[in-house]
Amino acid sequence: MTTTLHHAPPEAPAEPMELFRIMLEDEFAAETTRLTQLTVCARRPRHGGYDPRILDGLITSARQRIAATAHALRRMSEGTYGVCATCDKPIPLGRLHIAPTAAHCARCAPARDRS
Ligand SMILES: [Zn+2]
């Protein structure tokens, strides 16, 4: 039995925006799963074996990734995805491939987001 619901094969690339939407939705799902698992660990005796400070850091970073991904998906539905929030210029597709949640072009991005 075969399924036809897989992502587009390489010889038929999806529209860039469609590809970024798939990347963002995959990341949103993966980070949500991660956050759920980390939260379960945090409630276990001895934090499921994690150093509590490291676990806190992982939970914070999973929350930030979820928020950034949700924000990018919202920009996509509003039609502002891929446009720099500061200078209104298009964000190069290469940058979006590396950082699909980027809301700024490389020039306007805060230093910590630069890639
Ligand atoms: Zn900019």
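Keep in mind that what you see is a predicted model, and the values were worked out from it rather than measured. Just so you know, ligand 1 is whichever comes first in the structure, and atom 1 is the first atom listed for that ligand. Count residues from 1 along the sequence.
- In this structure, R43 contributes its side chain and L38 its backbone to no donor-acceptor pair below 3.5 Å.
- For the Zn ion (ligand 1), the neighbouring protein N/O/S atoms at less than 2.8 Å, given as residue and atom, are C84 SG, C87 SG, C105 SG, C108 SG.
- Judged by distance alone, with hydrogens and angles left aside, the side-chain atoms of Y50 form no donor-acceptor pair with the main-chain N or O of L58 at under 3.5 Å.
- Of all the heavy atoms in A70 and F28, the pair that sits closest is CB-CE1, 4.0 Å.
- Annotation: ring pair (Phe, Tyr, Trp, His ring centres under 6.0 Å) contacts of F20 (sequence neighbours excluded): H97.
- Side-chain contact between Y81 and L73: absent, with no pair of heavy atoms (C-beta onward) separated by less than 4.5 Å.
- Salt bridge absent: R75 and E78 never bring a charged side-chain N and a carboxylate O closer than 4.0 Å.
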